[in-house]
Amino acid sequence: MSESESRSKNFIEEIIEADLASGKHSTIVTRFPPEPNGYLHVGHAMAICLNGGLAREYNGRFHLRFDDTNPVKEEMEYVQSIMEDVKWLGFDWGENLYFASDYFEQLFEWAVHLIKAGLAYVDDSSAEEIREMRGNLTEPGRESPFRNRSADENLDLFERMRKGEFGNGEKVLRARIDMTHPNMNMRDPVLYRIAHAHHHRTGDAWCIYPMYDFAHGQSDAIEGITHSICTLEFEEHRPLYDWFIENLPVPHQPRQIEFARLNVTYMITSKRKLLQLVKEGHVRGWDDPRMPTISGIRRRGYTPESIREMTARAGVAKRNKINDLALMEFCLRKDLEEKAVRRIAVLDPVKVVITNLPEDTREVYAGPNHPAKPEMGEREVVLTREIFIERDDFMEDPPKKYFRLAPGQEVRLRYACYITATDVVKDAEGNITEIHATMDPESRGGSTPDGRRVKGTIHWVSATENVPFECRLYETLFTKEDPNEVDPSTGSGQAPSTGSGQAPSTGSGQAPSTGSGQAPGTFLDNLNPHSLEITKAFGEPALAAASVGERFQFERKGYFCVDPDSKAGSLVINRSVGLRDSWGKQSQRS
RNA sequence: AGGCCCAUGGUGUAAUUGGCAACACAGCUGAUUUUGGUUCAGCUAUUCAAGGUUCAAGUCCUUGUGGGCCUGCCA
């Protein structure tokens, strides 16, 4: 990891180094094992960077393995998007692309092995019966009446399950462990279920499918995974994981290690909820730039380097955590500060007429593409008599330390000259429609012979020579750091602060009990109504050549990225992240 | 309630494995600056609680408290 400065080892690295030092392993093999049933999100990015990064750090191997053991949920579309996302993040599995479904035959043989060893049996109980017999957190389970079938009978039944002689749910194969075990996972877990369903890769070859627990560890063993890194919720599965490894003639003993998944404030990482956002149209799709999906983050304009940097800085540990969005934004700014070409765009324009300039004025100035990197070249900026500036860069009655344009106050137009506001033109409602200003001819180039200092420099773009575009400004998708935090007392969809001063109103004119008791409230109540704002913006002429995916810093505004919705002649640009804004903070405080 | 895991500034992660609690982000102050950006300098703020072991405890032990996960034929 080039982007992570030298730091102390995390607990997984310590385990790996101990294994390497003791000779337990001469090289390590890690894997990223997604189920192809949805799009990858920022939490997966962490898992990819961890596994891929470890393999890189220790010169090991990194596998991509699709955990495709449940045909009813999985689709090829997801396989494609997942491979794209992993590649984009910068991790290469090389030849090591695998599918758990490739191991179905071997897994079947191992199931037979367990049956022969008296460690697995076919259960005719229904799902409800099995659930009922499992007991609960405080009470032990009871043994199934089918638990003591002979190995021969079990073998026969299992073969017939495979042949399709039974319907969905009629039978399952279970491990024969201990129905009183305090760990629920050890209470004769189901190994195989019947599912007459089309699998995205094996087609109709199978109608029985292994469960996660029976597939994962063995897949790790087959591939020679040394360190099988997964999230905390699998901790209680580890005894089962180990049980299979111990009781099966597997070629290799992998070790499962759990770490805390990455969460980020204002983001959700539940596949179900993400799917809901897409299906119900709360966002424009899986790759909506507000989504925490890798595809969304990518479209938003994040760089793979910035995501890798964030995961490295977030660290690895075993406690549940929520990382600050600010860290992610910091990593992006840090990366783009160095790489992004500077451009000027006015997002919320108001016209300024420089009255002492002739109508046909066209002055060309040079603007470096990067203030600290002359090697990045420069471009031409064009000054005309009429320009646009940012609406909030002018105030008729400015507060104390307002350094921008105001009546009688002089500012520098970035790269060009000094202007001083003289007049304001307003419409009938009192809105400012035009500002008049005069330019100091001595100031061309951005400084004057008298060396006087101008505190404010504002950005601007010619009102007659520019590139109009659609600018999409994003804020967090949710208003709460933890989008799942719902106030149980407030119902969903309740308009807040309806009648402010009004007494609680006991039924007076109450609308017929339509909503009676308020619905419990969901994460959707925390959706940010301002998460997307679209403005009609104007960019400097150099923006005309912008292509999809290209990133810029719009000076004083933030980092932006050209959206794929762009068409020839109609640019769409996303704001990836704003610049740090100490004035914004200060002015808000007052 | 039973089992498993976890607890260090606002957030996240460290602490030579029992030896002066630190780094980053965030926040705040100042300097520099043709981006109120960047950069630089500095400041604020931390070991869940109570006992115990020890010359010495963030670290070990006990108890408590708080949080997470577990009762799919999902992964």
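Keep in mind the model is a prediction, meaning the values are calculated, not measured. In what follows, every heavy atom counts, from backbone to side chain, and hydrogens, waters and symmetry copies are set aside.
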Give A/Arg342 one of three labels, base, sugar-phosphate or nothing, depending on what nucleic acid heavy atoms sit under 4.0 Å from its own.
-> base
A/Glu35 CD to B/C74 C1': how many Å, rounded?
-> 7 Å
Tell me: CG of A/Asn168 to C1' of B/G72, nearest whole Å?
-> 15 Å
Nearest whole angstrom, please: distance from the C1' of B/G68 to the CG of A/Leu262.
-> 16 Å
Would you sort out whether A/Asn185 and A/Arg238 count as a side-chain hydrogen bond (donor to acceptor under 3.5 Å, both in side chains), showing the intermediate values?
-> CA-CA 9 Å; A/Asn185 295 124; A/Arg238 184 163 15 103; over 6 Å; no
In dot-bracket, 5' to 3', how would RNA chain B read with Watson-Crick or G-U wobble pairs under 3.5 Å, [ ] for crossing ones and | for pairs to another strand?
-> .((((((..((((.....[..)))).(((((.......)))))....(((((..]....))))))))))).....
Between B/G3 and A/Thr138, is there an OP1 or OP2 to side-chain N/O distance shorter than 4.0 Å?
-> no
Nearest-Å distance for atom pair CG/P, residues A/Asn320 and B/C6 = 11 Å
note: A/Ile257, atom CD1; B/C6, atom C1'; distance rounded to Å ~ 17 Å
Just call it for A/Ile458: base, sugar-phosphate, or nothing, with non-hydrogen atoms closer than 4.0 Å on any strand.
-> nothing
Provide the distance between the two P atoms, one in B/U59 and one in B/A21, to the nearest whole Å.
-> 13 Å
Using the benzene-type ring in the case of Trp, are the ring centres of A/Tyr241 and A/Phe234 under 6.0 Å apart?
-> no
Do A/Tyr212 and the base of B/A75 stack face to face, with centres under 5.5 Å apart and an angle between planes under 30°?
-> no
Can the positive tip of A/Lys318 be found less than 6.0 Å from the middle of the six-membered ring of A/Phe259, inside 45° of the ring normal?
-> no
Between A/His63 and A/Glu223: side-chain donor-acceptor atoms closer than 3.5 Å | yes
Looking at A/Arg134, does any N or O in its side chain come under 4.0 Å of the phosphate oxygens OP1/OP2 on B/G2?
-> no
Please give, in whole Å, the distance from B/C25 C1' to A/Arg313 CZ?
-> 8 Å
List the steps, then state whether salt bridge (Lys or Arg N to Asp or Glu O under 4.0 Å) holds for A/Asp102 with A/Arg201.
-> CA-CA 9 Å; A/Asp102 289 342; A/Arg201 295 191 82 244; 2.8 Å; yes
Is A/Asp68 reaching over with its side chain to a backbone N or O of A/Ser101, donor-acceptor style, under 3.5 angstrom?
-> yes
For A/His459 and A/Arg414, test the side chains for any donor-to-acceptor distance below 3.5 angstrom and give the result as yes or no.
-> no
Syn/anti label of B/U11 as read from its glycosidic torsion, with the cut at 90° from 0 | anti
Integer-rounded Å distance: B/U13 C1' and A/Phe330 CZ = 15 Å
Check the chi torsion on B/G72 and let me know: syn if it falls within 90° of 0, anti if not.
-> syn
